[in-house]
Amino acid sequence: MKFISFVTFNVDRLADVAKAADKLGKNPPEGYKLIAMYSCQANPFSGMELDRGDMTSISVVECDNAEALAAANLEMTLAGATVNRIPVLQISAGEAEGTVDELKM
């Protein structure tokens with residue numbers, strides 16, 4: 001299953017979070033795959049109370065099981081980050097209707 005991952009942390013924790021992200025990227029838990037990662041040095045969420053100096057990393061990950069997801073979350077949380085993962089369904093351009101029909105079966 002694919003997830004969009006929002007990892008928010010204070011810039012003071014950047015070194016720790018970067019180290020944890022590198023460790024996770026080089027040695028991921030079995031069943032966890034990082035597809036893409038982006039960094040945002042601003043508040044991407046309107047109305048969300050973030051402190052000045054907060055950063056957000058946005059990733060697309062794929063997990064085969066809950067244990068892999070929990071292990072990845074723990075690694076980032078211990079580094080001082082707040083982790084939010086949202087399950088997503090991949091839909092190819094122009095194939096939304098067909099995907100909906102498949103899910104109804």
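Predicted model only: the values in this text are computed from it and were never measured. Residue numbers count from 1 along this sequence.
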Listed pairs under 3.5 Å, donor-acceptor, residues 25-37 side chains, sequence neighbours left out:
none

Residues 63-70, side-chain donor-acceptor partners within the protein, below 3.5 Å, at least two apart:
| residue | atom | partner | partner atom | Å |
| --- | --- | --- | --- | --- |
| Asn65 | OD1 | Glu67 | N | 3.3 |
| Asn65 | OD1 | Ala68 | N | 2.7 |

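Closest approach of Ala79 to Val17, counting heavy atoms only: O-CG2, 3.7 Å.
Listed by chain and residue number, Gln90 satisfy the side chain to side chain donor-acceptor pair (under 3.5 Å) test with Lys2 (two or more places apart in sequence, or in another chain). By the side chain to side chain contact (heavy atoms under 4.5 Å, CB included) test, Leu14 pairs with Phe9, Met55, sequence neighbours left out. In this view, Arg85 and Ser5, Asn73 satisfy the side chain to side chain donor-acceptor pair (under 3.5 Å) rule, not counting sequence neighbours.
Residues Met1 and Val61 share a single hydrophobic cluster, defined by chaining ILVMFWY side chains whose heavy atoms lie under 4.5 Å apart.
Ile4 is listed as a side-chain neighbour of Val60, based on a closest heavy-atom distance under 4.5 Å. Here the side chains of Phe6 and Ile86 are in contact, with some heavy-atom distance below 4.5 Å.
Counting only residues at least two apart or in different chains, salt bridge (Lys or Arg N to Asp or Glu O under 4.0 Å) contacts with residues 71-83 comprise Lys23-Glu75.
Going from atom CG of Leu24 over to atom CG of Leu74 covers 10.5 Å, rounded to the nearest 0.5 Å.
Salt-bridge check for Arg13 with Asp16: passed, with a basic side-chain N closer than 4.0 Å to an acidic carboxylate O.
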